Amino acid sequence: MNIAEIESSLKELADKPFSSSDFPFEFLAAYDAPKATITKLRQASQPDLLGEPGQIHWKKKLLYRCAPKGGAGAAIEAMAQQFEGKKDTPRILLCTDGQELLARDTKTGATLDVERSLVNDSFDFFLPLAGIERYEGVAESPADIKATGRLAKLYDAILEANPDWSEASSHSLNLFMTRLLFCFFAEDTSIFDSGQFTQAAMTFSREDGTDMAATLSLIFRALALDGPVRGELPDFARKFPYVNGGLFKEDAPIPAFSRRARRLLKGCGELKWSAINPDIFGSMIQAVVEPGMRGDMGMHYTSVPNIMKALQPLFLLSLEEDFDASRDSEAKLTRLLARLTRIRIFDPACGSGNFLIIAYRELRKLEARIFARLRELGSSAIPMTGIHLNQFYGIELADFAVETAKLSLWIAEYQMNEQVKEQFGVAPPALPLRDSGNIVHRNALRVDWLAVCPPREGAETYVVGNPPYLGSSNQDESQKADMDLIFSGQTDNYRNLDYVAAWYMKAADYAQPTAAQCAFVATNSLCQGEMVSMLWPLVYRRGMEIGFAHQSFKWRNNASAVAGVTCVIVGIRPRSSAKKVLYSAELSRVVRNISPYLIEMDDTIVEKESRPINGLPKMDKGNMPTDDGNLILSPDEKADLLARFPAAAKFVRRYYGTQEFIKGIERYCLWILDEDAQEAASIPPIKARLDAVAAFRLASPAPTTQEYAAWPHRFRQIQDFGSDAVLVPIHFSEDREYFTIGFASGEDSILSNATFAIYNASPYVMALLSTRLHAVWVSTVCGGLETRIRYSNTMGYHTFPIPNLSDEQKQELEDHAWAIIAAREEHPGMTIGELYDPEAMPEGLLAAHRALDDTLERICIGRPFRNDTERLEYLFKQYVALKRKDRSGSNRELALRRAR
């Protein structure tokens, strides 16, 4: 049962008159409780003095009571006390007096207080009864983004004051900005005295900034020196503590300052740096030193909520479950502490260390909670951390990011130590700086991951990160060479894969000797269309499976503008019997298997087909002009041409692509047959357009396009014309329940290459493509553009597994196609896009589609499908059978050829 069905069933129950004897059982049925369970509960319920069911207890799931009028509040408190401190506490406590309905989730602590007749409005509160959990995201701090703007202004002012600094000086400037960031943080915490760095910089430099470099040089030298040599420094510099010989060891030049730069440094020092997340420090530096990335920093760092979407299902939730199961046992809690010390986090695209920092912080938080619980149990364990930065590994291509990641990890360690000190009164000393993680400056696709994070007996290794996406058209030559290195000889057409696919391959190889579990943020295209058949068989061949996945979601964070990327998170691991969890929006559910399309399905992969394997007529793209717009006319251009040259009318036809069809945009084209070319060229405006086409084609780098300059009156690629056709747009909105399929008359219209076409097709084909069954299939197996669906004839139509249809059934479907067209025509003036608006689809049109669904689905299984999940199960089974039949037919044909 899916969520929509649960909500619908609950609404039916809420609308009915209250029956104290039936309500609890109908409520459970709405959440798909097994019928046998409901029967047992009905038999076991204890009636009260009036014969009504007094209490129903579904072990670990639900405790229900029917309360007297006005007594629901007292009843639910009594229910909570009944199981207080017990291990078998029911997940949901539910009580109603017929008017009020109160509930409590004992796991999350959430409560509900509504009128019983409105309970369906809160249907999601009870989803755990159906095995569906609400996924709790994590908020982020808007202060992080604000600080970047201040630092960026300072950076620009420094560049302005140092016009002679070349690109060769970028390392020195990056290092300088990293040191400033450390000092700002240190003076806002207890590492330095409060405000020490900014005060010293301002006090011991002139207002015009001319000696600021000398002042900062002395401060940085003090931070790098230990022992007697510090005596050579001036008094104000000696007051700074020794940090270590890492961050401040290198004798790098310090840029000159102007009056404005000095003033901006003071402004940066006044920020509350202790409130800024260390996980953003590195990205802050990156956005500052690379101005092209600055305006929309959200495009270039992985926000905390998105990081947690990967870390929680990868290992944090498992640790939480372990903690819950160990709460009352000192021995178990001690074992859990030992487990934390064996965990290793490895980010092979670590950038500035965001994933590593958040993972470190979350592990330290859990460790502190374990120490606190041990103290409650009377343990004498000393709360000294066993989690160290050498458990964290990374690979990064950018030099400055490596250094910044190490700094950010150290700051995260300092912050967590301070929290432990506040909680328990003890913490390691802040200075000098210690080891800052195993982060290497290399190309992750060309280095052996086993050399970076080698196998270790008893270790739990988790590989996680946000590698570069980069579609094939955006990869430079070195990145294409990386793809060759990873995929050459493994799969065909691998250069069509997104760059991030290479990380999945490396992770699958790495997991074999290490038993590592891995998860990456990726573009959703990896789980759509032909990329599925290119990548995932290789991953499965290495003994891997998908352990969890977040279905498509939009990139979101608190930046002023965020990346317009639609992402997925896919967790892979060596095959096991452990549970598999699928996340959708804010919900999660345990499933039997997660397919590479990120749905609950087996691992069947749909392959591209150049011809239909389902008995349907072939689908092609429309006609491609390659004309630089010279063969296309707007309504005004058409009217002007015909007003001046009426004889041109025979060369003008209505022109349809996806936008023209869906949005009702009116456009025309010049369509000139070879035998009419001379006549058309005698019309001056047409002649000018043809000359422009010829010039455009001649200038093309493609030799075949240059050849077509000899026939400027023709479209570059002509599939068909003069035939009626079923029109299929190349993109569909994911919000629409049905696809917007149309008919185009061959007499007066030309279909462009911005649409697909099935020429000379029977109307029953339009009916098939107008069904929910077709929409569900294409949405699953075709690629996407953001969250829009990108239609593919070879993936979605040629593979669409329809049943065998009799002539009578085809005629029945054809009648439905005409009924849909008639329903559209009842609304003149509305565009196709407006007609199929999911919020305002006319009832008659919706009814026509539903009637079509009913007919086709009865042909398929004798009844309508219950939901889209059942539709997909049917379609994939049919597809497997269809492929088997197609291969068998191909083999017979090959045998016959050989026999001849």
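On a predicted model such as this, the values are computed, not experimentally measured, just so you know. Starting from 1, each residue takes its place in the sequence as its number. What you see below is based on every heavy atom in this structure, not just the backbone, and it leaves out hydrogens, waters and symmetry mates.
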Discussion item. According to ring-ring contact (aromatic ring centres under 6.0 Å, His included), who are the partners of Y738, at least two apart in sequence or on a separate chain?
Written reply: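 Here the qualifying residues are H849.
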
Worksheet entry | Partner residues of H798 under the ring-ring contact (aromatic ring centres under 6.0 Å, His included) criterion, sequence neighbours left out |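 Applying ring-ring contact (aromatic ring centres under 6.0 Å, His included) to H798 gives none.
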
4.5 Å side-chain heavy-atom contact, [X] and [Y]:
X	Y	value
R369	F323	yes
M79	C95	yes
I605	P537	yes
T334	I370	no
P90	W58	no
V532	V606	no
T780	I599	yes
L773	F865	yes

Closest approach of [X] and [Y], non-hydrogen atoms and distance?
X	Y	answer
P596	Y540	CD-OH, 3.1 Å
G71	D97	N-OD2, 4.3 Å
A508	M544	CB-CG, 3.9 Å
R104	A80	NH1-CB, 3.3 Å
Y504	V570	OH-O, 3.3 Å
P574	A511	CG-O, 4.2 Å

Worksheet item: What do you reckon, is NZ of K69 surrounded by more than 12 foreign heavy atoms closer than 6.0 Å?
Response: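 Counting other residues, nucleotides and ligands, NZ of K69 exceeds 12 neighbours.
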
Worksheet item: Has E808 got more than 12 heavy atoms of other residues, nucleotides or ligands less than 6.0 Å from its CD?
Response: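 No, the 6.0 Å shell around CD holds no more than 12 heavy atoms from other groups.
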
Would you find a donor on one side and an acceptor on the other, under 3.5 Å apart, between the side chain of [X] and the backbone of [Y]?
X	Y	answer
R116	G98	yes
Q809	S806	yes
S779	A775	yes
S584	L587	no
D105	T108	yes
Q551	L598	yes
S329	K332	yes
T106	R91	yes
E100	T96	no
D88	K60	no

Practice prompt. Carefully, step by step, assess I594 and E600 under the rule side chain to side chain contact (heavy atoms under 4.5 Å, CB included).
Written response: CA-CA 5 Å; I594 301 173; E600 184 178 9; over 6 Å; no

Discussion item. Evaluate F732 against V778 for side chain to side chain contact (heavy atoms under 4.5 Å, CB included), listing each step before the verdict.
Written reply: CA-CA 10 Å; F732 292 98; V778 171; 5.5 Å; no

With rounding to the nearest 0.5 angstrom, report the [atom1] to [atom2] distance, [X] to [Y].
X	Y	atom1	atom2	result
L769	I802	CG	CD1	9.0 Å
D324	L319	CG	CG	11.0 Å
S318	K579	OG	NZ	8.5 Å
L102	D113	CG	CG	4.0 Å
M308	I569	CE	CD1	11.5 Å
F520	L526	CZ	CG	11.0 Å

Worksheet item: Under 6.0 Å from the six-membered ring centre of F25 and within 45° of its axis: does the NZ or CZ of R42 meet both?
Response: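 Here R42 passes the 6.0 Å and 45° test against F25.
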
Fill in: K309 to F553 six-membered ring, cation-pi geometry met (6.0 Å, 45°)
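Here K309 passes the 6.0 Å and 45° test against F553.
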
Discussion item. Just to verify, which of W777, Y597, F800, Y874 counts as forming a ring-ring contact (aromatic ring centres under 6.0 Å, His included) with Y879?
Written reply: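 Only one option passes, and that is W777.
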
Determine, for [X] against [Y], whether the closest basic-nitrogen to carboxylate-oxygen distance falls under 4.0 angstrom.
X	Y	answer
E609	K883	yes
R339	E460	yes
K580	E545	yes
E873	R866	no

Name each donor-acceptor pair under 3.5 Å that joins a side chain in residues 10-18 to protein atoms two or more places apart or in another chain, with its distance.
from: K11; atom 1: NZ; to: D15; atom 2: OD2; distance (Å): 3.0
from: K16; atom 1: NZ; to: E26; atom 2: OE1; distance (Å): 3.2
from: K16; atom 1: NZ; to: E26; atom 2: OE2; distance (Å): 2.9

Worksheet item: Could you walk me through whether H774 and F739 pass the side chain to side chain contact (heavy atoms under 4.5 Å, CB included) check?
Response: CA-CA 8 Å; H774 177 244; F739 287 170; 3.7 Å; yes

Worksheet item: Looking at residues at least two apart in the chain, or sitting in another chain, which of them share a side-chain contact (heavy atoms from CB on, under 4.5 Å) with L377?
Response: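 Partners of L377 under the side-chain contact (heavy atoms from CB on, under 4.5 Å) test: L333, R373.
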
Worksheet item: Given the rule in the salt bridge (Lys or Arg N to Asp or Glu O under 4.0 Å) test, do D868 and R772 qualify, once you have shown the distances and angles that lead to the verdict?
Response: CA-CA 8 Å; D868 286 347; R772 182 64 191 159; 2.6 Å; yes

Worksheet item: Which of parallel (below 30°), tilted (30 to 60°) and perpendicular (above 60°) describes F548 and H550?
Response: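 If you compare the ring of F548 with that of H550, the planes turn out perpendicular.
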
Worksheet item: What class does the angle between the rings of F27 and F23 fall in, given that below 30° is parallel, 30 to 60° is tilted and above 60° is perpendicular?
Response: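 Rings of F27 and F23: tilted, as their planes differ by 30° to 60°.
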
Fill in: Pairs satisfying ring pair (Phe, Tyr, Trp, His ring centres under 6.0 Å), at least one member in residues 74-120, at least two apart
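For residues 74-120, and leaving out neighbouring residues, the ring pair (Phe, Tyr, Trp, His ring centres under 6.0 Å) pairs sorted by first residue read H57-F83.
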
Worksheet entry | Qualifying salt bridge (charged side-chain N to carboxylate O under 4.0 Å, His left out) pairs, either residue in residues 845-856, two or more places apart |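 Qualifying pairs, neighbours excluded: E737-R850, D854-R858.
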
Discussion item. As a quick check of understanding, evaluate side chain to side chain contact (heavy atoms under 4.5 Å, CB included) for Q82 and R65, giving each step before the final call.
Written reply: CA-CA 12 Å; Q82 180 181 345; R65 279 189 194 173; 2.8 Å; yes

